[in-house]
Protein chains: 2
Amino acid sequence: MKTILFDFISKYITLTEEEKNALLNLDLFHSVKKGTILLSEGQKSKESYFPLKGCIRTYYILDGEEKTTAFYTEMEALTPPCVISKTPSDYYVSCVEDCILLVSNSDMEAEVNRKFPKFDTMCRILSEELLAKQRIDFDAFKTSSPEQRYLNLLQNRPDLIQRVPQHQLASYLGIKPQSLSRLRARIVEKDKG
Amino acid sequence: MKTILFDFISKYITLTEEEKNALLNLDLFHSVKKGTILLSEGQKSKESYFPLKGCIRTYYILDGEEKTTAFYTEMEALTPPCVISKTPSDYYVSCVEDCILLVSNSDMEAEVNRKFPKFDTMCRILSEELLAKQRIDFDAFKTSSPEQRYLNLLQNRPDLIQRVPQHQLASYLGIKPQSLSRLRARIVEKDKG
DNA sequence: CTGACTCCTTCACTTAAGTTAAGAAAAGAA
DNA sequence: TTCTTTTCTTAACTTAAGTGAAGGAGTCAG
């Protein structure tokens, strides 16, 4: 587990043994069962999540309906907006599968950043990369139809389609479960014809 | 112009006179005419843009059609994904209006960050804020219909609807210009009834 | 095993967006 | 100004997503 983390960090900055030990003393690793709710609407939180194994999702409940907006799998960091804005959360975060998560606290991060300015640089680069990546995803979503979005997902994150229930995938694609069913049937029909 | 910039920065970090002067020596401010293309598809660029006045937009050309994905107005920073990924750009950036832009270069930023580590911190915070903000926008887009998106825009960025041509707004909302026209007519009709 | 529940699919029907085309209005260029 | 081009709107028709309802498959608890 440690190795996975340090390998990841080494892509951005080089750590001394002292720095590695400082990190390990922070009690970052947590095992969490499928279905566990990590964050609820209305709650204030300072926690960020980083799945080393497993998958977590973010969802809103609007008019009594779950609207899934994102999935975070291995090595994809989630810092909920409420942690940044310091306001109660608008959404829920829960585990799609049994997970091993790295859970960090923003106070703790501030402390580490103060002690080791190197981390500031890493966090900046990480945020910039995520921002660019998310921008591209958003653009792709805007410029394509539900069917194209599904085909893109099939290309880019085929694992998700296996790991995640259809109705959660559907709202992730911006449509209803019935429409996703129909759309899949349509694609199969096209492949035949 | 300087004042606007320093007021903005002062929300994040406190600058010494030396640091302010270092910034001002960088030739950051540029006046740009409406319609100017700042970045083209296929081009490699290291430039970020920050409108002090005016509005710029990002758009793709897909199947010969312009797809507008974002507008950046006063005090909204744009670092194109190609600057982060160091690959040729997938999209265009152009001026919707005559603009006064702060244009920075990623090499220059790296230099400043090296000299004044404070800037690393500011950039980190800025990126984190933008990431959270963009996430919320993306979620709102996914969970709402074109009509709701238009009404949200009317609420949150009413200026855009005045400043920007309808056909650019339409693709920003993820629909065709004809659909936007119809949708607007529908809303007016509802207000009457 | 049975009954309750969730999830997925299918169907018929409704609603809204895409498409094609045409004309009016506005903006730019000569 | 006048001519040209772009932009916006409207309309008729097509296509696909939303809605409501129903049934089958799988899971879980008792």
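Since this is a predicted model, take the numbers as computed values, not measurements. Just the heavy atoms: all of them, side chains too, but no hydrogens, waters or symmetry mates, feed the values below. Throughout, a chain's letter reflects where its sequence line sits, starting with A, and its residues are numbered from 1.
- Remark: P of C:dA26 and CD of B:Gln162 are 15 Å apart, rounded to the nearest angstrom.
- Among the heavy atoms of the strands lying under 4.0 Å from B:Arg182 is at least one base atom, whether or not backbone atoms are also near.
- We find that CG of B:Leu183 is positioned 13 Å from C1' of C:dT15, with the value rounded to whole Å.
- The aromatic rings of B:Phe138 and A:Phe138 sit parallel, their planes meeting at an angle under 30°, below the 60° perpendicular limit.
- For A:Gln148 and C:dG18, the CD to C1' distance is 12 Å, given to the nearest whole Å.
- One atom, CD of A:Gln168, and another, C1' of C:dC7, lie 11 Å apart when rounded to the nearest Å.
- Annotation: A:Phe8 is in aromatic contact with A:Phe50 [ring centroid separation under 6.0 Å].
- Rounded to whole Å, the distance from CD on A:Glu189 to P on D:dT15 is 16 Å.
- Taking only side-chain atoms of A:Ser179, from C-beta outward, the nucleotide of D:dG18, D:dC8, C:dG18 with the closest atom is D:dG18.
- A salt bridge does not link B:Glu97 to B:Lys33: none of the charged side-chain nitrogens sits closer than 4.0 Å to a carboxylate oxygen.
- By the 30° and 60° cut-offs, the orientation of the rings of A:Tyr92 relative to A:Tyr59 is parallel.
- Remark: B:His167 is in phosphate contact with D:dC8, judged by side-chain N or O atoms under 4.0 Å from OP1 or OP2.
- An OP1 or OP2 oxygen of D:dC8 is reached within less than 4.0 angstrom by no side-chain nitrogen or oxygen of B:Arg184.
- Salt bridge status for B:Lys176 with B:Glu65: present, with a side-chain N to carboxylate O gap under 4.0 Å.
- In this structure, CZ of A:Arg186 is placed 15 Å from C1' of C:dC11, rounded to the nearest angstrom.
- Axis angle, first five pairs versus last five pairs of the helix from C:dC1-D:dG30 to C:dA30-D:dT1: 50°, rounded to 10°.
- Of the candidates C:dT19, C:dC8, D:dG18, the closest approach to any side-chain atom of B:Lys176 belongs to C:dT19.
- Contact check on A:Glu76 versus A:Arg157 returns a salt bridge, with a Lys/Arg side-chain nitrogen under 4.0 Å from an Asp/Glu carboxylate oxygen.
- Atom NZ of A:Lys34 and atom C1' of D:dT27 are 10 Å apart (whole Å).
- When distances run from any side-chain atom of B:Gln178 to the nucleotides C:dC8, D:dC8, C:dT19, the shortest one goes to C:dT19.
- With rounding to whole Å, A:Ile175 atom CD1 is found 11 Å from D:dG18 atom C1'.
- Because its NZ or CZ atom is both nearer than 6.0 Å to the ring centre of B:Phe141 and within 45° of the ring axis, B:Arg149 counts as a cation-pi partner of that residue.
- Closest to the side chain of A:Pro146, out of D:dT9, C:dA17, D:dA17, is D:dA17.
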